[in-house]
Participant: 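Below you will find the structure I want to go over with you.
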Amino acid sequence: MGLALKLARQGMHGVGANPMVGCVIEKDGEIIAKGYHQTFGQAHAEINALDQINHQANDATLYVTLEPCSHQGKTPPCAQAIINSGTKKVIIAMLDPNPLVSGQGVAMLENAGIEVKLGLLEDQAAILNRGFVKRMTAKRPFITCKIAMSLDGKTSMQSGQSKWITGKDAREDVQRLRASHQAIMTGSGTVLADNPSMTVRSAELDFNPIRVVVDGKHQITDQSLNIFSKSAPTQIFNTDNTTLNSNSKLDLNNILLQLGKQGINSVLLEAGPGLTGAMIENALIDELIIYTAPTLLGSSANSMATLPIDNMQDQIKLSISDLRLVGNDMRITATIKT
């Protein structure tokens, strides 16, 4: 199953709205086939593995990271292909959160007399597809907020100058982080202040997420801005296509629901303090990745998030899941305690 999970990750840039899935087929103690879901709309992991052995898996055990599909979608149901192959046992890491499947694939296999075991490396499988799980259960993408700040919590000078707080190693790590998401999201203020490209700048990573800009004031009109380069699609959300909340501001949850409907499983938020603060206040951030440089920018510099907190009892507490050095900078992975 560990190998199947490793294989599944190879589909990160190709599966689109689908989950990443890996499959390994074993017989008499030897691996006889392996595969993963490579491209959205094309064969799933189980089929790619079964193709290697001409769908002849008599008395074999099939390991798969996600419950085999039981319905006719863009491809035929994998559960039926497994049944037809003669597989005797199927070991599944986790159930498919898609309500079109969710247990039906397991039932289909068991009804055909195949032994099914569920839950091997389930936690790892859930983490691998946390974006897909989030979209299936909450109808919106998994949101990771990336922040690069000084040790005193500042992200830019009062003038707006922000290059470079963190070092080269941290900036390269951010490129890998960008490439692991389907979309990068920012606000119009950041676009106008920095004119960012919001692309993956790495010769080793041939993938660019779509670019999403929250533009509540209709400020983004200049088509020569870097966000409109042909390297990736760009979506602008403003009052023309987004509902307003009770404060007459763009409804951020509505934006995320729209992205969910487009099949976006994961979004990396790289924004200024205003949008970052609003996302935190609306409980829309699932994970924070904070790169902290060993430097001080001073009291007049801009903070990482605009959060109007006046009382100690209102402080927002974080739960740190990972802490590591990236070059000379500290990378903190955390979630907001609820």
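Values below: every heavy atom of this structure, side chains too, minus hydrogens, waters and symmetry copies. Since the structure is predicted, the reported quantities are computational estimates derived from the model, not experimental observations.
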Participant: In sequence, state the C-alpha distance, the side-chain angles, and the governing distance for E287 and R130, and then conclude on side chain to side chain contact (heavy atoms under 4.5 Å, CB included).
Facilitator: CA-CA 11 Å; E287 180 181 73; R130 63 188 188 176; 2.8 Å; yes
Participant: Do the non-hydrogen side-chain atoms of M185 and L256 ever get within less than 4.5 Å of each other?
Facilitator: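 The answer is yes; the side chains approach within 4.5 Å.
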Participant: Please report, to 0.1 Å, the donor-acceptor pairs under 3.5 Å made by any side chain of residues 12-24, with sequence neighbours excluded.
Facilitator:
from, atom 1, to, atom 2, distance (Å)
H13, NE2, A179, O, 2.6
N18, ND2, H37, NE2, 3.1

Participant: Which atom names give the shortest non-hydrogen contact between V213 and G187, and what distance separates them?
Facilitator: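 Looking at all heavy atoms of both residues, the closest pair is CG1-C, 4.0 Å.
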Participant: Hydrophobic cluster membership, with links at side-chain heavy-atom distances under 4.5 Å among I/L/V/M/F/W/Y: are V90 and I53 in one?
Facilitator: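 In one cluster with V90: I53, yes.
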Participant: Can you tell me if N241 uses its side chain to pair, donor with acceptor, with the backbone of F237 under 3.5 Å?
Facilitator: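 Side chain of N241 to backbone of F237, a donor-acceptor pair under 3.5 Å: no, none is there.
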Participant: Output, in order, the C-alpha distance, side-chain angles, deciding distance and verdict of side chain to side chain contact (heavy atoms under 4.5 Å, CB included) for L95 and V106.
Facilitator: CA-CA 8 Å; L95 289 176; V106 168; 3.8 Å; yes
Participant: Going only through I, L, V, M, F, W and Y residues with side-chain contacts under 4.5 Å, is there a path from V214 to V267?
Facilitator: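 Both belong to a single hydrophobic cluster.
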Participant: Just so I know, are the side chains of I264 and R135 near enough to count as touching, which here means a heavy-atom distance under 4.5 Å?
Facilitator: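 No; the side chains remain at least 4.5 Å from each other.
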Participant: Treating R211 as the side-chain partner and I227 as the backbone partner, does any N or O pair qualify as donor plus acceptor under 3.5 Å?
Facilitator: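 Between the backbone of I227 and the side chain of R211 there is a qualifying donor-acceptor contact (under 3.5 Å).
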Participant: May I have the step-by-step check of side chain to side chain donor-acceptor pair (under 3.5 Å) for H55 and D51, ending in yes or no?
Facilitator: CA-CA 6 Å; H55 288 247; D51 281 347; 2.7 Å; yes
Participant: Would one find more than 12 heavy atoms of other residues, nucleotides or ligands at under 6.0 Å from atom CG of N111?
Facilitator: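 Atom CG in N111 is crowded, with more than 12 foreign heavy atoms closer than 6.0 Å.
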Participant: Counting C-beta onward and ignoring hydrogens, is there a side-chain heavy-atom pair between L268 and F142 closer than 4.5 Å?
Facilitator: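 A side-chain contact is absent here, since even the closest heavy-atom pair is not under 4.5 Å.
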Participant: Check the pair I114 / K88 against side chain to side chain contact (heavy atoms under 4.5 Å, CB included), numbers first and verdict last.
Facilitator: CA-CA 5 Å; I114 294 175; K88 71 171 183 179; over 6 Å; no
Participant: With a 3.5 Å distance limit and no angle check, can you tell me whether D194 reaches the backbone of P196 through a side-chain donor-acceptor pair?
Facilitator: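 No; zero donor-acceptor contacts below 3.5 Å.
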Participant: Is a side-chain donor or acceptor of D251 paired with a backbone partner of N253 at a separation under 3.5 angstrom?
Facilitator: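 Side chain of D251 to backbone of N253: a pair is present.
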Participant: Identify the two heavy atoms, one from P141 and one from G260, that lie closest to each other, and give their separation to 0.1 Å.
Facilitator: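 Looks like CD-N, 4.0 Å.
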Participant: Taking the side chain as every heavy atom from C-beta outward, state whether F132 and N98 have any pair of such atoms under 4.5 Å apart.
Facilitator: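 Of all side-chain heavy-atom pairs linking N98 with F132, at least one is under 4.5 Å.
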Participant: Side chain to side chain donor-acceptor pair (under 3.5 Å) between N302 and S156: does it pass, once the steps are laid out?
Facilitator: CA-CA 5 Å; N302 296 315; S156 66; 2.9 Å; yes
Participant: Are the side chains of T186 and L275 in touch, meaning some heavy atoms are under 4.5 Å apart?
Facilitator: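 A side-chain contact is absent here, since even the closest heavy-atom pair is not under 4.5 Å.
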Participant: Using only atom types and a distance under 3.5 Å, with no angle test, would you say the side chain of E67 pairs donor to acceptor with the backbone of G105?
Facilitator: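 Yes: the side chain of E67 pairs with the backbone of G105.
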Participant: Less than 3.5 Å apart, any donor N or O on the side chain of Q10 or Q38 sitting next to an acceptor on the other?
Facilitator: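 Checked: Q10/Q38 side chains show no N/O donor-acceptor pair below 3.5 Å.
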Participant: For residues S303 and P273, report the shortest heavy-atom separation together with the two atoms involved.
Facilitator: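 Answer, listing the atom of S303 first, then P273: O-CB, 3.3 Å.
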Participant: Above 12 or not: heavy atoms from other molecules or residues under 6.0 Å from NZ of K146?
Facilitator: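 Counting neighbours around NZ of K146, more than 12 heavy atoms of other residues, nucleotides or ligands fall under 6.0 Å, so yes.
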Participant: Give me the atom names and distance for the closest heavy-atom approach of G272 to T190.
Facilitator: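 Looking at all heavy atoms of both residues, the closest pair is N-OG1, 3.3 Å.
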Participant: Is a donor on one side and an acceptor on the other found under 3.5 Å between the side chain of K27 and the backbone of N58?
Facilitator: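 Side chain of K27 to backbone of N58, a donor-acceptor pair under 3.5 Å: yes, one is there.
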Participant: Once you round to the nearest 0.5 Å, how far does CD1 of I280 lie from OG1 of T306?
Facilitator: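 Going from CD1 on I280 over to OG1 on T306, the span is 9.5 Å.
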Participant: Has E30 got more than 12 heavy atoms of other residues, nucleotides or ligands less than 6.0 Å from its CD?
Facilitator: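 At most 12 heavy atoms, drawn from other residues, nucleotides or ligands, come within 6.0 Å of this atom.
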Participant: Taking all non-hydrogen atoms of both residues, which atom of A81 and which atom of L50 are closest, and how far apart?
Facilitator: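 So the minimum-distance heavy-atom pair works out to O-CD1, 4.0 Å.
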Participant: Any side-chain heavy atom of T144 sitting closer than 4.5 Å to one from D286?
Facilitator: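 No; the side chains remain at least 4.5 Å from each other.
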Participant: Has T242 got a side-chain atom pairing as donor or acceptor with I255's backbone, closer than 3.5 angstrom?
Facilitator: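 Absent.
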Participant: I need the L205 CG to L177 CG distance, nearest 0.5 Å.
Facilitator: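 Atom-to-atom, L205:CG and L177:CG are 11.0 Å apart.
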Participant: Verify the cluster assignment for V64 and V133: are they in a single hydrophobic cluster under the rule of side-chain heavy atoms below 4.5 Å apart?
Facilitator: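 Both belong to a single hydrophobic cluster.
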Participant: I need the T61 OG1 to I31 CD1 distance, nearest 0.5 Å.
Facilitator: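 Those atoms lie 12.0 Å apart.
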Participant: How long is the span from the CD atom in E115 to the OG1 atom in T87, to the nearest 0.5 Å?
Facilitator: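 Here the rounded value is 12.5 Å.
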Participant: If hydrophobic clusters are built from ILVMFWY residues whose side chains come within less than 4.5 Å, do M94 and I82 share one?
Facilitator: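 Linked, M94 and I82 end up in one cluster.
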Participant: Hydrophobic clusters here meaning ILVMFWY residues chained together by side-chain heavy-atom distances under 4.5 Å, can you tell me if L318 and L284 are in one?
Facilitator: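 Yes, L318 connects to L284 through the hydrophobic network.
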Participant: Pair S300, Q158 - check side chain to side chain donor-acceptor pair (under 3.5 Å), show working.
Facilitator: CA-CA 6 Å; S300 63; Q158 196 173 50; 4.9 Å; no
Participant: Can you find a heavy atom in the side chain of I220 that is under 4.5 Å from one in the side chain of F228?
Facilitator: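 A side-chain contact under 4.5 Å exists here.
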Participant: Considering only distance and modelled atom types, tabulate donor-acceptor pairs under 3.5 Å from the side chains of residues 323-338, sequence neighbours left out.
Facilitator:
from, atom 1, to, atom 2, distance (Å)
R324, NE, D322, OD2, 2.7
R324, NH2, D322, OD1, 3.1
R324, NH2, D322, OD2, 3.2
D329, OD2, G167, N, 2.7
R331, NH1, D173, OD2, 2.5
R331, NH1, Y291, OH, 3.3

Participant: Donor-acceptor check, side chain of S85 to backbone of Q56, threshold 3.5 angstrom: yes or no?
Facilitator: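 Checking the backbone N and O of Q56 against the side chain of S85, no donor-acceptor pair under 3.5 Å is found.
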Participant: Has T292 got a side-chain atom pairing as donor or acceptor with L151's backbone, closer than 3.5 angstrom?
Facilitator: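 The answer is no, because no donor-acceptor pair under 3.5 Å joins these two groups.
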Participant: Do you know the tightest heavy-atom contact between I25 and A60?
Facilitator: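 Closest pair (atom of I25, atom of A60, distance): CG2-CB, 3.8 Å.
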Participant: Let me confirm one number: the NZ-CG distance from K89 to L109, rounded to the nearest 0.5 Å.
Facilitator: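 Going from the NZ atom of K89 to the CG atom of L109 covers 13.5 Å.
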Participant: Does T239 form a side chain to side chain contact (heavy atoms under 4.5 Å, CB included) with H218? I'd like the steps, not just the answer.
Facilitator: CA-CA 8 Å; T239 55; H218 284 259; 2.5 Å; yes
Participant: Are C69 and H44 packed together at the side-chain level, in the sense that at least one heavy-atom pair is separated by less than 4.5 angstrom?
Facilitator: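 Yes. Closest side-chain heavy atoms under 4.5 Å.
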Participant: Between the side chain of S150 and the main-chain N/O of K154, is any donor-acceptor distance below 3.5 Å?
Facilitator: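 Between the backbone of K154 and the side chain of S150 there is a qualifying donor-acceptor contact (under 3.5 Å).
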Participant: If I take atom CE from residue M304 and atom CD1 from residue I147, how far apart are they, to the nearest 0.5 angstrom?
Facilitator: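 Nearest 0.5 Å value for the CE-CD1 distance: 3.0 Å.
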